[in-house]
There are 2 protein chains.
Amino acid sequence: MAERDMDRSVSQTVRAQLTLRDMILSGGLRPGERISELQAVETTGASRTPVRMALVRLEEEGLLEAIPSGGFMVKAFSERDIVDAIEMRGTLEGLAARFAAERGVSVRDLEPLKECLDEIDGLVRQDPISVDAFSAYVALNARFHALLTELSRSPPLIRQIDRASALPFASPSGFVMAQSALPEAHQILLIAQDQHRVVIDAIENREGARAEAIMREHARLAARNLRLALRNKTHIDLLPGLALIKTVAD
Amino acid sequence: MAERDMDRSVSQTVRAQLTLRDMILSGGLRPGERISELQAVETTGASRTPVRMALVRLEEEGLLEAIPSGGFMVKAFSERDIVDAIEMRGTLEGLAARFAAERGVSVRDLEPLKECLDEIDGLVRQDPISVDAFSAYVALNARFHALLTELSRSPPLIRQIDRASALPFASPSGFVMAQSALPEAHQILLIAQDQHRVVIDAIENREGARAEAIMREHARLAARNLRLALRNKTHIDLLPGLALIKTVAD
DNA sequence: TGAACACATGTTGTATACAATTTTGCCAAC
DNA sequence: GTTGGCAAAATTGTATACAACATGTGTTCA
């Protein structure tokens, strides 16, 4: 912790925030555990002021919780919290799809989305999907969701969706893991891909209500699959931010 | 600014945050205006550290925007941002209503909601509604929305809705103003009240999809009315957080 | 007259010192 | 043995000093 890479281009606050977030998400700090400022100072290398700023930001982000008597602790989530977060995010993305459709987007705007989907098609064609292809899929899926969100052209909505994604299990990766952590994973991936295509079609044809409904269904499917995966304990170790869950055992 | 009430029960950070928020919302600080830390120190009476913490929190809250070169400025919102924020909040409340219905709530839980609605009934009975009755209505409406949100029993969703309400024009008060800033205000209030009743009915009967649809419609109506009010410039001065809007003149 | 550079000024990011509050451990009393 | 209280230690909230950076202005040269 002495000779860490002192990148002067970013502030100490940002660096401390990144370091602490990594520690929280990787499970280096247990849920419910109090975070000692001095200890954080040692591990991050920054001084107390930037550490405190980072802690405040992480609290607003939803990863930490303020202790009434002072200081912060790592927030603990229940399994239902996770499912709820995914539905919440999907609901907001549904609104984004509706906005995109109602606002009217040009064919040019939809091109990157379609390219994304074409690339995904190439990946999901193979049935026992390789590990490399899978991580490529995760990245492409995240890209698709981000592009769709942007398409709403609504800064408040985009911001809110970003905030909802701060909870790692509610991020697009969480979507994917939820969909892929079951025996019938491959079929689910195909269904999800179909839904993606239909949403784009709905947006292209200015069908706001339809676009929203599809995205809602997309999210409800992801939530359902995650519920099943949690119950069966299948591959849940793939879920990002797992370290934040209170009791993996029910 | 010398002898402000030094309430030792709350931290300097919280006090600075409240003071600065008031200044922003009341228009004491113009949108796009850079916030000087030293000036904030003078006006709030706190020292630089708590002021900085307050600024970070207000940024996360969405009222401030970070300047790349350092420091913060008051965020500016377009009229469409406001309408979007109201729809966004309504969408999340729709999800809350669905959760409440699906999760199953006892009759006891619904009682406070019904009392709220009964009280509102008493107020909206008079046609030219008095000023006192109107502010009572605003308070009761806020209470109803808060109770409904709580009914979802979903901490992540409740948190997200609270955050969405941080933008003052997206708060329940914003809902009301949007609904009441038109000539046919009284009729609109009656419709809104009807929708409130139907939502409770849907929740009571475990009809999740219906409860959600009604709340969505409730929000879309509010958004539509606000759009009209903004176009006609009728009573838009009643809208909370008006000072944050970039151009009142289109 | 205009543009460019240097300097001065003000502002923010960071570090640290201090004070107050909370927590913890220990000892005594019931 | 348990509980209450007291004291010490640790931790957080606050204030301020310092350093790096950005900004604006004035002067000088083309």
Side-chain angles (χ1 to χ4, degrees), chain A residues 1-21 23-24 28-61 63-75, chain B residues 1-21 23-24 28-61 63-75:
Chain A
M1 68 201 73
E3 308 306 324
R4 60 175 48 253
D5 53 326
M6 284 292 172
D7 184 353
R8 306 291 294 164
S9 67
V10 294
S11 66
Q12 295 283 71
T13 302
V14 171
R15 224 174 320 153
Q17 189 176 354
L18 291 176
T19 305
L20 289 172
R21 179 165 33 209
M23 289 182 65
I24 294 167
L29 299 166
R30 298 258 150 237
E33 186 176 337
R34 183 175 198 149
I35 292 201
S36 162
E37 274 186 24
L38 292 180
Q39 195 173 322
V41 163
E42 285 182 16
T43 47
T44 62
S47 88
R48 275 191 65 205
T49 306
V51 164
R52 280 176 74 66
M53 307 265 285
L55 291 177
V56 169
R57 289 199 130 96
L58 289 171
E59 182 207 356
E60 300 286 340
E61 214 171 281
L63 262 44
L64 296 181
E65 202 174 345
I67 299 174
S69 63
F72 301 93
M73 55 182 270
V74 180
K75 201 157 175 175
Chain B
M1 70 198 74
E3 309 306 323
R4 57 175 51 254
D5 53 326
M6 284 294 172
D7 186 353
R8 306 292 292 167
S9 66
V10 294
S11 67
Q12 295 283 70
T13 302
V14 172
R15 223 173 320 151
Q17 189 177 355
L18 292 175
T19 306
L20 290 171
R21 176 161 38 203
M23 288 181 66
I24 294 167
L29 299 165
R30 299 256 152 238
E33 184 176 340
R34 183 177 197 148
I35 291 202
S36 162
E37 273 185 27
L38 292 180
Q39 195 174 322
V41 164
E42 286 183 16
T43 46
T44 62
S47 87
R48 274 191 65 206
T49 307
V51 163
R52 280 177 73 68
M53 307 262 287
L55 291 176
V56 169
R57 290 199 129 96
L58 289 170
E59 182 207 356
E60 300 286 341
E61 213 171 281
L63 263 44
L64 295 181
E65 204 175 343
I67 299 174
S69 65
F72 301 92
M73 56 183 270
V74 180
K75 201 157 178 178

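Order of the sequence lines fixes the chain letters, A, B, ..., with proteins taken first and strands second; residue numbering starts at 1 for each chain. These numbers were taken from a predicted model, which means no experiment stands behind them.
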Atom pairs under 3.5 Å: protein N/O with N/O of nucleotides 7-13 of chain C:
| unit_1 | atom_1 | unit_2 | atom_2 | d |
| --- | --- | --- | --- | --- |
| C/dT12 | OP1 | B/I35 | O | 3.3 |
| C/dT12 | OP2 | B/E37 | N | 3.4 |
| C/dG13 | OP2 | B/R52 | NH1 | 2.7 |
| C/dG13 | OP2 | B/R52 | NH2 | 2.8 |
| C/dG13 | N7 | B/R48 | NH2 | 3.0 |
| C/dG13 | O6 | B/R48 | NH1 | 2.8 |

**Report entry** Separation of A/I35 CD1 from A/L55 CG (nearest 0.5 Å)
**Finding:** 6.0 Å

Requested in this report: Go through A/R21 and A/L18 one step at a time and tell me if the side chain to side chain contact (heavy atoms under 4.5 Å, CB included) criterion holds.
Outcome: CA-CA 5 Å; A/R21 179 165 33 209; A/L18 291 176; 3.5 Å; yes

Report task. Calculate the interatomic distance between B/M73 atom CE and D/dT23 atom C1'; express it in whole Å. Result -> 17 Å

Report task. State whether A/S47 places a side-chain N or O below 4.0 Å from either non-bridging phosphate oxygen (OP1 or OP2) of C/dA15. Result -> yes

**Report entry** Least distance between heavy atoms, B/A46 atom then B/V41 atom
**Finding:** O-CG1, 3.2 Å

Report task. To the nearest Å, give me how far apart CD (A/E42) and P (D/dA10) are. Result -> 13 Å

Report task. Indicate yes or no: at least one non-hydrogen side-chain atom of A/Q12 is less than 4.5 angstrom from one of A/V51. Result -> no

Query raised in the report: For the residue pair B/L58 and B/L20, what are the closest heavy atoms and their distance?
Result: CD1-CB, 3.7 Å

